[in-house]
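Presented below is the structure to which this report refers.
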Amino acid sequence: FKKYDFCHYDSDKSYQGRILIYSKIWERLNNNGVLLSDDISDNLAFFHFCKKKRKKPFVIKFNKKYLGLIIN
């Protein structure tokens with residue numbers, strides 16, 4: 001299947017929805033590919049996913065919202 005260098009996630013905001021889709025996105029990212037997720041302050045899914053993958057999350061504040069970024 002096709003691999004990607006960058007994915008911006010801005011869809012299902014539920015914890016379970018995010019965990020499921022983050023895993024699917026992660027499988028399709030190239031080495032050094034980037035996952036950017038909107039509204040990470042809604043729940044802890046982004047941080048739990050980062051911990052599971054042993055990746056350091058980067059948090060960006062933009063217009064009173066928080067974005068999360070991790071590199072594969």
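A quick note: this is a predicted structure, and the numbers were derived from the prediction, not measured.
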query: With H48, which residues qualify under ring-ring contact (aromatic ring centres under 6.0 Å, His included), at least two apart?
result: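 Testing H48 for ring-ring contact (aromatic ring centres under 6.0 Å, His included), a comparison that skips the adjacent residues, returns Y15.
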Closest non-hydrogen atom pair between [X] and [Y], with its separation:
{"X": "Y9", "Y": "I21", "result": "CE1-CG2, 3.3 Å"}
{"X": "I70", "Y": "C50", "result": "CG2-SG, 3.1 Å"}
{"X": "P57", "Y": "F46", "result": "CB-CE2, 3.6 Å"}

query: How would you list all residue pairs meeting side chain to side chain donor-acceptor pair (under 3.5 Å) that involve residues 32-42, not counting sequence neighbours?
result: H8-D38, K13-D39, R18-D42, Y22-S37
- line: The complete set of side chain to side chain donor-acceptor pair (under 3.5 Å) pairs with one or both residues in residues 51-66, sequence neighbours excluded, reads none
query: Does F6 sit in a hydrophobic cluster with other residues, and if so which ones, taking ILVMFWY side chains as linked at heavy-atom separations under 4.5 Å, directly or through other members?
result: V34, L36, F58, I60, F62, L67, L69, I71
- prompt: At what distance, to the nearest 0.5 angstrom, does SG of C7 lie from CG of L35?
  reply: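 It is 6.0 Å, given to the nearest 0.5 Å.
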field: Atom pair NZ (K2) and CG (N30), whose distance is rounded to the nearest 0.5 Å
entry: 10.0 Å
Cluster check I25, L44: I/L/V/M/F/W/Y, side chain < 4.5 angstrom: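 The answer is yes; both residues are in one hydrophobic cluster.
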- request: Indicate yes or no for a side-chain donor-acceptor contact from K3 to the backbone of N31 under 3.5 Å, with no hydrogens or angles considered.
  value: no
